[in-house]
Amino acid sequence: MIPFLDQLQQSDPEVLSLLESEENRQRLGVELIPSENYTYPEVLALLGSVFTNKYSEGYPGKRYYGGQEFTDLIENLARERACKVSRAEHANVQPLSGSPMNQAVYLGLLEPGDTILAMDLSHGGHLTHGAPVSHMGRLFRFERYTTNPEDGSFDFDAIRHTAQQTRPKLILCGYTSYPRDLDYAAFKAIADEVGALTMCDASHYAGMVAGNVLANPLDFGFDVMTTTSHKSLRGPRGGMVLCTKEHAAKIDKSVFPGLQGGPHMNAIAGIAFAMGQALTSEFKEYAAKILANAKAMAQAFLDKGASLVTGGTDNHMLVLDTEKSYGINGKIAEELLDGIGITTNKQILPDDPNPPLRPSGIRMGTPAATTRGMGETDMARLVDWMDQALRAPQHEGLRTILREHVETLCSEYPVPGIGS
Ligand code: DSN
């Protein structure tokens, strides 16, 4: 238990009880949602530290409140380390999370009404990449490109054609549900041809970029890379905009005062710590293990005859077509797996005929299980249990047995910050 939380026993046992229930859920179950992870115990402590007490509107050396001796130092440390990790010229570590991070880029570098060319949502683009239901979808004109779901390839001739027709001010790549690496040189070449800026939302896989197991868009001359800090990077919940010097002033002004007020200095302290970890050789090994685990999990599903979107994975995630593989939709699959203590999330597939709350598949990823220390053999065991559960939706007794297997496995791999 985190220091001081035991005081809740007296002051608010109701809240304590809910916290303990969530701790147990995380301890006894396997987390396979690809965007989730277990942060470092040090980050948990920093999030609960006195940095949370401080208002720090502005940037280091130029704040609107006094008492910033140490907040300036911690924010500078976070920025410097974030630049080293990503090989960026400038880092803004203040976005409160992924949505304001992406909004800050659009609003800082573009004018309302401008066109952005981004990945179609059902092919893996994110809500903030212009979903009609998002405010950004109302403010900017989003055009779409798609992938070939058989192998994950992009038709760059078609993307070039769309870019020439629609003249985007920004070409955006990056994804929330796409299991392959990206050809940044090809996106950059098209952007240069039509005079567009380039942005990559690497939120899901920035840890893999930091660990040198996936390509870095900034190495290909991209203007901006955005990433949340809590997924494969294992930091606190937050966002970062990493960009060239040329865009630094506009990005900073867009984050504050454009979009946000006071940054969360406790999260920024956590980002400083997580970025320090991301620079270590252990982190590179961790990124390689995430990838090896994802490939092992994909292969185990393929060996069972299951259907994966693009046929496999080159990153931390796999997208399982549950309709084709098991004749059930993603909502039912998610619930069946919840029933055996394995957390996944239902996911729309490319050009999915079904709605997002009852889509045709689920998404899985290995960052959290890898953080616990699980390896390739464990991935094969998990797939075996998932396959059994998905093949027998009516068999509640089987789910009870499988849940016991999952709990036994979990007891071998304590969750950082919770223990076993
Ligand atoms: N919720 C995150 C994801 O799962 O991709 C990003 O919004």
Side-chain angles (χ1 to χ4, degrees), residues 35 91-147 154 159 162-163 165-178 182 187 190-191 194-206 217 222-231 237-244 247-261 263-264 345 347-348 350-352 355-357 359 363:
S35 48
N92 187 307
V93 295
Q94 293 196 2
L96 301 179
S97 203
S99 295
M101 160 191 94
N102 285 343
Q103 288 167 16
V105 178
Y106 306 152
L107 294 164
L109 301 185
L110 310 176
E111 292 300 324
D114 280 351
T115 298
I116 300 173
L117 179 56
M119 185 140 140
D120 186 89
L121 265 68
S122 81
H123 287 248
H126 186 249
L127 190 67
T128 56
H129 301 174
V133 291
S134 80
H135 290 314
M136 293 302 109
R138 290 168 44 210
L139 274 181
F140 297 96
R141 200 159 69 85
F142 281 86
E143 297 289 338
R144 305 273 163 216
Y145 57 84
T146 57
T147 60
F154 292 88
I159 296 174
T162 308
Q165 298 297 305
T166 61
R167 308 308 293 185
K169 291 278 171 50
L170 177 73
I171 294 186
L172 169 61
C173 64
Y175 49 80
T176 191
S177 184
Y178 174 76
L182 296 174
F187 281 108
I190 295 172
V194 299
L197 296 170
T198 37
M199 168 179 170
C200 173
D201 179 350
S203 290
H204 259 258
Y205 55 96
F222 266 51
D223 294 283
V224 179
M225 172 164 77
T226 55
T227 179
T228 47
S229 40
H230 48 277
K231 297 186 175 87
R237 296 193 90 97
M240 301 191 283
V241 182
L242 305 147
C243 62
T244 57
H247 301 300
K250 279 187 180 169
I251 292 292
D252 284 355
K253 206 169 153 199
S254 182
V255 174
F256 173 86
L259 201 58
Q260 297 181 178
H264 293 178
N345 74 273
Q347 178 64 44
I348 48 168
D351 305 320
D352 203 328
L357 286 175
R363 203 178 55 148

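- Pro217 is not listed as a side-chain neighbour of Leu182, based on a closest heavy-atom distance of 4.5 Å or more.
- Rounding to the nearest 0.5 angstrom, the gap separating the CG atom in Asn92 from the CG atom in Asp252 is 4.5 Å.
- Under the ring-ring contact (aromatic ring centres under 6.0 Å, His included) criterion, Phe222 pairs with Tyr184, not counting sequence neighbours.
- Between Leu197 and Ala191, the shortest heavy-atom distance links the atoms O-CB, 4.4 Å.
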Item to check | Check against side-chain contact (heavy atoms from CB on, under 4.5 Å), Leu139 and Leu107 | outcome: CA-CA 9 Å; Leu139 274 181; Leu107 294 164; 4.0 Å; yes
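- Taking 4.5 Å as the limit, some side-chain heavy atom of Phe154 sits within range of a side-chain heavy atom of Ile159.
- Summarising the geometry of Gly108 relative to Lys250, their closest heavy-atom pair is O-CD, 3.7 Å, with the distance given to 0.1 Å.
- In this structure, Tyr175 and Tyr205 have parallel ring planes: the angle between them is below the 30° cut-off, well short of the 60° mark.
- The closest donor-acceptor contact from the side chain of Thr226 to the backbone of Asn102 lies at 3.5 Å or more, if one exists at all.
- Nearest heavy-atom pair across Phe142 and Met136 is CE1-O, 3.4 Å.
- Proximity of Leu110 to Val105: side-chain heavy atoms (C-beta onward) are nowhere separated by under 4.5 Å.
- Atom OG of Ser97 is separated from atom CD of Gln260 by 9.5 Å, given to the nearest 0.5 angstrom.
- The shortest distance between side-chain heavy atoms of His230 and Ser35 does not fall below 4.5 Å.
- Taken to the nearest 0.5 Å, the NE2 atom of His129 stands 6.0 Å off from the CE atom of Met199.
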Atom pairs and distances, donor-acceptor, side-chain atoms in residues 165-174, under 3.5 Å, two or more places apart:
| unit_1 | atom_1 | unit_2 | atom_2 | d |
| --- | --- | --- | --- | --- |
| Thr166 | OG1 | Thr162 | O | 2.7 |
| Lys169 | NZ | Asp114 | OD1 | 3.4 |

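- Contact annotation: the side chain of Arg144 approaches that of Leu121 to within less than 4.5 Å [non-hydrogen atoms, C-beta and beyond].
- Listed by chain and number, the residues in a side chain to side chain donor-acceptor pair (under 3.5 Å) with Tyr145 amount to none (sequence neighbours excluded).
- To the nearest 0.5 Å, atom CG of residue Asp351 and atom OG1 of residue Thr146 are 7.0 Å apart.
- Under the 4.5 Å side-chain criterion, counting only non-hydrogen atoms from C-beta, Thr128 is not in contact with Met101.
- Using a 4.5 Å heavy-atom cutoff, the side chains of Leu109 and Val224 are in contact.
- Taking CZ of Arg141 as the reference point, atom CG of Leu117 lies at 10.5 Å (rounded to 0.5 Å).
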Checklist entry - Taking it one step at a time, do His247 and Val241 satisfy side-chain contact (heavy atoms from CB on, under 4.5 Å)? => result CA-CA 10 Å; His247 301 300; Val241 182; over 6 Å; no
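- Taking the side chain as every heavy atom from C-beta outward, Thr147 and Met119 approach each other to under 4.5 Å.
- With rounding to the nearest 0.5 Å, the separation of CG in Leu242 from CG in Asp223 is 13.0 Å.
- Around the CZ atom of Arg237, the shell of radius 6.0 Å holds no more than 12 heavy atoms that belong to other residues, nucleotides or ligands.
- Here the shortest heavy-atom pairing between Leu259 and Ala104 reads CD2-N, 3.7 Å.
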